[in-house]
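Report on the structure given below.
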Amino acid sequence: MRYILLIAVLSVLSVSVCQAADVGKNNLLHGVVDERIELTSIVFRLAGAEEYCICAVKDYAADIDSTFAAYMDHPLMDYIRKMREERAIGFTRVPLSALHMYIEDGHVRTTREMCQALVEEDYYWTEDMHRKYVSLLDDFYRKSGFHKFYERNEELYRDAERQFNTAVDTYLNAKWFEDTYGGKPLDGMKAYLCVNNGGSNYSLGNGTIVMGMFYSMQNDGGVVFPHMGVRTVAHELTHMLVEDECREYMDETRAAADTIFSYMGETLTKNGYSSAGLWSEWLTRVATLLYVRDNNPLGEYGAVMMDDSQGFIWQERTFRFLDNYMENRDRYRHFQDFVPQLAAYFNYTAENFERVMWEHENRRPYVVDVFPVPGTEIDLAAQDTIRIRFRFSEEMGTHCHGLKSSERNSPKGCNAKPGRMAKCIWTDSRTFEFAVPAEWYEKCDTLAFKLDRRIQDRFVNGIEEDYEVYYPLKH
């Protein structure tokens with residue numbers, strides 16, 4: 001929900017595309033571009049709303065800004081800024097209001113019933129505010145010639161629909177939802193696509209989601225819905241599938257949400273979350289993480305990292321706690337059966353949040369010990385292979401980064417070859433072994449190198465700095 005996709009994280013998740021095997025075609029969701037959604041997103045962009053200024057399709061963004069440059073001072077812009085300041089109108093509330101208006105005969109209109117329905121769904125809106133907003137929006141729509149802009153970009157919108165629907169049909173595992181949520185109905189879900197939204201995505205309730213996540217490939221002006229974006233589709237669908245459980249435990253978790261928000265409010269607010277919605281959003285993220293663990297294990301650590309960056313800094317803890325669910329699926333047949341434990345865990349997390357903060361601030365893995373101990377002598381004559389073993393504080397990603405040279409080399413540069421050709425061996429998830437032939441160092445007085453600080457744990461936390469070791473050599 002909301003700022004769900006960070007461009008910086010895409011590079012991590014792009015190597016973790018979920019497998020299409022055993023997923024196949026499904027009729028769960030069909031995405032369409034809607035003029036009301038695109039219109040309201042764009043006017044909030046023009047008014048300077050940060051969450052609507054992240055369109056990643058550069059040509060389209062430039063087209064928006066140049067086409068409507070003359071209307072930056074339209075009264076609608078000041079009114080949007082006023083609504084944001086006084087009533088916190090933004091994020092989800094923008095597309096939600098768009099569904100309570102209609103476009104007919106070149107006008108944007110609403111009805112009394114639509115205004116009343118909007119206020120019932122979201123108390124941040126008032127009927128008078130929505131009416132005035134729609135009136136100003138209608139004036140902007142007509143004077144700016146917005147519909148001509150919309151028609152001019154129709155090919156782009158159709159391409160967005162093709163990209164989205166192909167990805168969902170191929171990679172979204174609809175059967176998983178049915179099995180996990182005990183046959184909750186999945187039909188009738190609606191997806192509105194918004195190219196201007198960039199990385200913002202929203203669950204509006206009543207089976208409706210709004211998806212952005214389109215970006216151009218280099219500078220060709222096209223749109224792409226990446227395969228890893230299906231994880232976000234799963235997240236937005238999950239909002240609706242867990243809403244009953246969210247509501248049931250709302251009172252029980254409210255104090256915990258307030259406590260967590262007192263620590264993380266700045267980051268959470270920046271990403272569009274309030275204390276009142278924290279339990280719901282967190283439960284949805286937990287359920288989404290389960291989807292990733294079952295359908296795309298290579299992407300699970302990237303998902304945790306994304307949650308962490310948006311203020312949910314206890315997700316590494318949560319990931320480990322979910323092992324209890326994964327190991328007891330016979331006991332917890334459906335996700336709903338495990339929610340009581342998650343509610344208790346949410347409260348427990350709040351009670352211990354100072355410890356959570358400490359863990360997060362000190363989350364980087366570190367080298368616990370090295371054998372042989374650095375600084376001790378290595379006898380080259382006594383072994384054919386030099387083995388240096390590093391043990392880490394956390395379970396590591398077990399990938400291999402290059403080693404760096406050290407100024408302690410003697411003579412200088414004598415071990416350049418091992419830096420390029422040393423064999424990287426992970427004997428287990430916490431133990432890394434550097435292994436090289438002893439003959440490589442026959443002309444060296446010292447063996448010295450650095451472990452690259454990019455060596456990371458499974459949650460993509462790197463060690464704090466390059467780790468250097470050196471050994472006097474005996475010939």
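Atoms considered below: every heavy atom in the structure, side chains included; atoms not considered: hydrogens, waters and symmetry mates.
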### Message
So for atom CG, which belongs to D384, do other residues, nucleotides or ligands contribute more than 12 heavy atoms lying within a distance under 6.0 Å?
### Response
no
### Query
In terms of ring plane angle, is the pair Y202 and F91 parallel, tilted or perpendicular, where the classes change at 30° and 60°?
perpendicular
### Query
Would one find more than 12 heavy atoms of other residues, nucleotides or ligands at under 6.0 Å from atom CZ of R453?
no
#### Entry: Beyond-backbone contact of L278 with T253, side-chain heavy atoms, under 4.5 angstrom
no
#### Entry: Aromatic ring proximity F177/Y291, centre distance under 6.0 Å
yes
### Message
Quick one, E243 and S280 - any side-chain contact, counting heavy atoms below 4.5 Å?
### Response
no
### Message
Atom CD of residue position E377 - does it have more than 12 heavy atoms of other residues, nucleotides or ligands inside 6.0 Å?
### Response
yes
### Task
Would you please say whether a donor-acceptor pair under 3.5 Å links the side chains of Y60 and Y157?
yes
### Task
Could you tell me the separation between the CD1 atom of I378 and the CD atom of Q383, rounded to the nearest 0.5 Å?
6.5 Å
#### Entry: Note, E121 side chain near L204 side chain (heavy atom, < 4.5 Å)
no
### Query
Given side chains that start at C-beta, do those of Y471 and I386 come closer than 4.5 Å, heavy atoms only?
no
### Query
So how far is it from I42 CD1 to N196 CG, rounded to the nearest 0.5 Å?
5.0 Å
#### Entry: Approximate separation, where rounding is to 0.5 Å, of F338 CZ and L322 CG
6.0 Å
#### Entry: Partner of L96 by side-chain contact (heavy atoms from CB on, under 4.5 Å), out of D122, V210, T208
D122
### Message
Does F353 form a side-chain contact (heavy atoms from CB on, under 4.5 Å) with M264? I'd like the steps, not just the answer.
### Response
CA-CA 10 Å; F353 211 76; M264 299 303 301; 3.8 Å; yes
### Query
How about L283 and F335: do any of their side-chain heavy atoms sit closer than 4.5 Å?
yes
### Ring centroid separation W282 to F312 under 6.0 Å
no
### Query
Is the CD atom of E327 crowded by more than 12 outside heavy atoms at less than 6.0 Å?
yes
### Task
First locate atom CZ of F225, then atom CZ of F164, and finally report the distance between them rounded to the nearest 0.5 Å.
5.0 Å
### Query
Under 30°, 30 to 60°, or over 60°: which ring-plane class applies to F319 and Y301, parallel, tilted or perpendicular?
tilted
### Message
Please determine whether salt bridge (charged side-chain N to carboxylate O under 4.0 Å, His left out) holds for the pair R254 and D251, giving the CA-CA distance in whole Å, both sets of side-chain angles, and the decisive distance to 0.1 Å.
### Response
CA-CA 5 Å; R254 184 54 194 265; D251 291 342; over 6 Å; no
### Task
Before accepting this row, confirm whether a basic side-chain N of the pair E433/R387 lies closer than 4.0 Å to the acidic partner's carboxylate O.
yes
#### Entry: Spacing of T232 atom OG1 and M211 atom CE [to the nearest 0.5 Å]
5.5 Å
### Query
Does any donor atom in the side chain of N197 or S200 lie under 3.5 Å from an acceptor atom in the other side chain?
no
### Task
Scan F432, F434, F390 and name whichever one has a ring pair (Phe, Tyr, Trp, His ring centres under 6.0 Å) with W426.
F432
### Task
Starting at CG of D159, measure out to CZ of R162 and round the result to the nearest 0.5 Å.
5.0 Å
### Task
Please check if the side chain of R231 supplies one atom and the backbone of V292 the other of a donor-acceptor pair under 3.5 Å.
no
### Message
What I want to check is whether the side chains of E281 and T284 have a donor and an acceptor closer together than 3.5 Å.
### Response
no
### Task
For residues I209 and E236, report the shortest heavy-atom separation together with the two atoms involved.
CG2-CB, 3.5 Å
### Message
Any non-hydrogen side-chain atom of V223 less than 4.5 Å from a side-chain atom of L156?
### Response
yes
### Message
Would you say that more than 12 heavy atoms from the other residues, nucleotides or ligands in this model lie under 6.0 Å from the CZ of R331, or not?
### Response
no
### Query
Does R158 pair with E161 as a salt bridge, N-O distance under 4.0 Å?
yes
### Query
Should we count CZ of R333 as having more than 12 external heavy atoms under 6.0 Å?
no
#### Entry: CA sep, side-chain torsions, deciding dist, call: R293, D323, salt bridge (charged side-chain N to carboxylate O under 4.0 Å, His left out)
CA-CA 10 Å; R293 292 186 73 168; D323 288 342; 2.8 Å; yes
### Message
Counting only heavy atoms not in E464 (residues, nucleotides, ligands), do more than 12 fall under 6.0 Å from its CD?
### Response
no
### Query
Do E394 and N461 meet the criterion of a side-chain donor-acceptor pair at a distance under 3.5 Å?
no
### Task
Given side chain to side chain donor-acceptor pair (under 3.5 Å), test Q315 with T318 step by step and report yes or no.
CA-CA 5 Å; Q315 287 301 72; T318 302; 3.1 Å; yes
